Asker: 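Shown below is the structure under consideration.
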Amino acid sequence: MNSSHSSAAPRSPHTFRTVFPVLALCWLAVFFDGMDVNIYGAVMPHMLDDSGLGLTPATAGTIGSWTTFGMLIGALTAGNLTDWLGRRLMLVASVTLFSLGSAICAVAPSVGLFGAGRFVAGLGLGGLMPLCLAMVMEFAPPRRAALTTGLLMTSYHFGGMAATGLGLTLAPAAGWRWVFWAGVLPALVAVPLLLKLLPESPGVLLAHGERAKADAVADRYGLPRPTEVAAPAAGAAGRLAAIRALFRPESRWATPLLWLASFSGLLLVYGVSTWLPQMMRASGYGLNSSISFLMVINAGGIVGLLIAGRAADRFGAVRVSAIWFVLTAAGALLLKSQLPLGVTYAVVAVTGVFLFSAQVMVYAATNTVYRDSERAAGLGWVTGIGRTGAVVGPWLIGVLATNGNQSWGFTTFALAGLVGAVAIALVPLARRIGRSDAPAAPAPVAATAGLS
């Protein structure tokens with residue numbers, strides 16, 4: 001049956017060109033993700049100046065944390081819903097949900113309803129990133145997983161730059177609410193394209209028992225045909241088995257280190273995305289300059305991802321991530337100093353080069369720790385547990401801002417960078433210790449049982 005199917009549908013080569021439609025659609029989805037995440041930070045100074053809304057620095061930090069708390073729930077539940085809906089429909093649901101959240105924010109008459117809108121947006125945002133990462137890693141050409149991940153994540157920063165542009169132009173001219181109306185665009189633009197053009201994951205199709213469809217998609221995009229061992233197990237039992245697999249001897253010590261590195265990285269990413277303009281404004285920079293820093297750091301993030309992806313394919317994602325975290329910490333400490341405006345722009349840009357891609361390379365490092373059948377669960381939990389850092393970051397900086405200690409925010413970012421560097425740097429050692437703890441090879445039956 002397989003041979004006749006192969007002759008009827010010749011396999012495509014597995015190159016960037018053949019998988020471009022998938023990469024492009026995931027890029028578009030993550031672009032809107034980045035725009036939505038950064039919109040709040042880009043308009044927060046205008047919202048704090050709006051006496052009718054009643055937003056204070058303390059409630060601003062709390063709302064930032066509600067957004068990321070929604071992301072945490074979204075990231076941890078997306079896997080279970082994917083069992084029923086598949087990755088394609090879950091991506092559509094995620095985009096629809098964060099567009100709905102943006103619409104609620106646009107019409108919210110009070111801080112409470114605005115916070116509810118950000119929570120709803122967070123539910124959609126949390127599910128989208130691990131789904132896109134898993135899709136891109138599955139469809140990526142051989143030995144190009146880190147580069148492909150880096151290319152995907154450039155879209156997040158282009159989205160952040162788009163949000164900053166809206167904050168600089170639309171918010172002063174028409175009011176901050178119109179910036180959130182712009183956040184409804186994903187539902188109008190991305191959803192029809194995803195429904196029409198995005199294929200389902202071959203691994204997910206196989207897990208659903210659709211062997212013919214799985215093989216057809218794999219052949220069309222030049223992927224290896226999925227095997228049972230590469231397919232994620234469905235249902236609650238499959239989910240529990242996938243979580244247990246993350247703590248098998250070979251990865252039991254590496255898994256918590258990846259979680260800690262992701263916690264540190266996402267504390268940095270969401271702390272900076274939410275608070276950088278207001279922190280720079282409190283340091284004495286003008287309103288437009290303070291918002292512009294968010295665009296500059298995202299531009300640095302794009303450059304950094306292009307560099308980090310290539311460097312990681314050559315030197316390893318773990319090594320690049322550790323070095324990038326250390327350089328991020330150095331940049332955060334420099335920003336604590338009062339520097340001339342031009343120098344500050346340069347420091348912000350260079351810090352952006354390292355800050356965002358340090359976290360993305362943590363995702364790429366999961367590829368070296370987990371087997372094919374564990375990749376989606378591993379990524380889901382690395383991003384999901386990391387979201388606790390995304391919750392803590394905006395809240396903690398909000399507390400510091402309320403007490404007039406914004407400058408301590410930069411120290412907090414530097415410490416998070418150092419913790420992330422140590423955690424990710426220890427992953428290779430943890431894997432070696434795990435392999436030495438694994439059952440000895442002579443008994444094949446025992447070895448097989450350990451993998452089930």
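Quick caveat, the model's predicted, so the values are computed rather than measured.
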Asker: Rounded to the nearest 0.5 Å, what's the gap from OG on Ser201 to CG on Leu131? Could you check?
Answerer: 10.0 Å

Asker: Do Val348 and Tyr345 have side-chain heavy atoms sitting under 4.5 Å apart?
Answerer: no

Asker: Take a 6.0 Å sphere around CZ of Phe119 and say whether it holds more than 12 heavy atoms from other residues, nucleotides or ligands.
Answerer: yes

Asker: Please name the pair of heavy atoms, one in Ala182 and one in Leu166, separated by the smallest distance, quoted to 0.1 Å.
Answerer: CB-CD1, 3.8 Å

Asker: For Trp27, look at atom CH2 and say whether over 12 heavy atoms of other residues, nucleotides or ligands are found less than 6.0 Å away.
Answerer: yes

Asker: Any side-chain heavy atom of Val347 within less than 4.5 Å of one from Val350?
Answerer: no

Asker: Quick one: closest heavy-atom pair of Ser102 and Gly183, and the distance?
Answerer: OG-CA, 3.3 Å

Asker: Determine whether Met153 and Met129 satisfy the following criterion, side chain to side chain contact (heavy atoms under 4.5 Å, CB included), listing intermediate values before the conclusion.
Answerer: CA-CA 9 Å; Met153 293 304 294; Met129 189 67 75; 3.6 Å; yes

Asker: What is the minimum heavy-atom distance between Glu200 and Gly86, and which atoms define it?
Answerer: OE1-CA, 3.2 Å

Asker: When rounded to the nearest 0.5 angstrom, what distance separates CE in Met135 from CG in Leu152?
Answerer: 11.0 Å

Asker: Taking the side chain from Thr274 and the backbone from Pro394, do they hold a donor-acceptor pair closer than 3.5 Å?
Answerer: no

Asker: Are the side chain of Ser264 and the backbone of Leu260 linked by a donor-acceptor contact shorter than 3.5 Å?
Answerer: yes

Asker: Working to the nearest 0.5 angstrom, can you tell me the gap between Phe356 CZ and Thr351 OG1?
Answerer: 10.0 Å

Asker: Which heavy-atom pair separates Phe98 from Asp33 by the least distance, and what is that distance?
Answerer: CZ-N, 4.0 Å

Asker: Before we go on, tell me: are the rings of Phe31 and Tyr156 under 6.0 Å apart, centre to centre?
Answerer: no

Asker: Less than 4.5 Å apart, any side-chain heavy atom of Pro277 and any of Met44?
Answerer: no

Asker: Kindly say whether Leu151 contributes a backbone atom to a donor-acceptor pair with the side chain of Ser155 at under 3.5 angstrom?
Answerer: no

Asker: Could you pull out the closest heavy-atom pair between Ala29 and Val95, with the gap in Å?
Answerer: CB-CG2, 4.5 Å

Asker: Decide side chain to side chain contact (heavy atoms under 4.5 Å, CB included) for Trp324 and Gln359; before the verdict, give the C-alpha distance in whole Å, the side-chain angles of both, and the deciding distance to 0.1 Å.
Answerer: CA-CA 9 Å; Trp324 264 224; Gln359 170 64 21; over 6 Å; no

Asker: State whether the side chain of Thr59 and the backbone N or O of Leu55 hold a donor-acceptor pair below 3.5 Å, judged by distance alone.
Answerer: no

Asker: With no hydrogens and no angle check, is any side-chain donor or acceptor of Arg319 less than 3.5 Å from a backbone partner on Ala311?
Answerer: no

Asker: To the closest 0.5 Å, what do you measure between CG (Leu396) and CZ (Phe413)?
Answerer: 8.5 Å

Asker: Can you see which heavy atom on Ser273 is nearest to which on Val269, and at what distance?
Answerer: OG-O, 2.7 Å

Asker: Any non-hydrogen side-chain atom of Arg118 less than 4.5 Å from a side-chain atom of Thr68?
Answerer: no

Asker: Under a 3.5 Å distance rule, please check whether Ser321 uses its side chain to pair with a backbone N or O of Val318 as donor and acceptor.
Answerer: no

Asker: Give a yes or no answer on whether the side chain of Arg88 reaches the backbone of Pro199 with a donor-acceptor pair at less than 3.5 Å.
Answerer: no

Asker: Would you say Thr344's side chain and Leu339's backbone share a donor-acceptor pair under 3.5 angstrom?
Answerer: yes

Asker: Check whether any side-chain N or O of Thr366 sits under 3.5 Å from a backbone N or O of Val362 as a donor-acceptor pair, and report yes or no.
Answerer: no

Asker: Could you go through Ile302 and Met161, starting from their C-alpha distance and side-chain angles, then the distance that decides it, and tell me whether this counts as side chain to side chain contact (heavy atoms under 4.5 Å, CB included)?
Answerer: CA-CA 10 Å; Ile302 293 168; Met161 292 174 71; 3.6 Å; yes

Asker: Given side chains that start at C-beta, do those of Ile291 and Thr164 come closer than 4.5 Å, heavy atoms only?
Answerer: yes

Asker: How long is the span from the OG1 atom in Thr412 to the CZ atom in Phe410, to the nearest 0.5 Å?
Answerer: 10.5 Å

Asker: Are His46 and Val179 side-chain neighbours, meaning at least one heavy-atom pair lies under 4.5 Å?
Answerer: no

Asker: Any side-chain to backbone donor/acceptor pair from Asn298 onto Leu294? Under 3.5 Å, distance only.
Answerer: yes

Asker: Does Tyr40 have its ring centroid less than 6.0 Å away from the ring centroid of Phe114?
Answerer: yes

Asker: Can you confirm whether Val43 sits close enough to Phe180 that some side-chain heavy atom of one is under 4.5 Å from a side-chain heavy atom of the other?
Answerer: yes

Asker: First locate atom CG of Leu198, then atom CG of Leu91, and finally report the distance between them rounded to the nearest 0.5 Å.
Answerer: 6.0 Å

Asker: Below 4.5 Å, heavy atoms only, C-beta onward: do Leu327 and Leu355 meet side chain to side chain?
Answerer: no

Asker: Verify the neighbour count for atom CH2 of Trp259: are there more than 12 heavy atoms of other residues, nucleotides or ligands below 6.0 Å?
Answerer: yes

Asker: Apply side chain to side chain contact (heavy atoms under 4.5 Å, CB included) to Ile385 and Ser262, showing your working.
Answerer: CA-CA 7 Å; Ile385 297 299; Ser262 185; over 6 Å; no

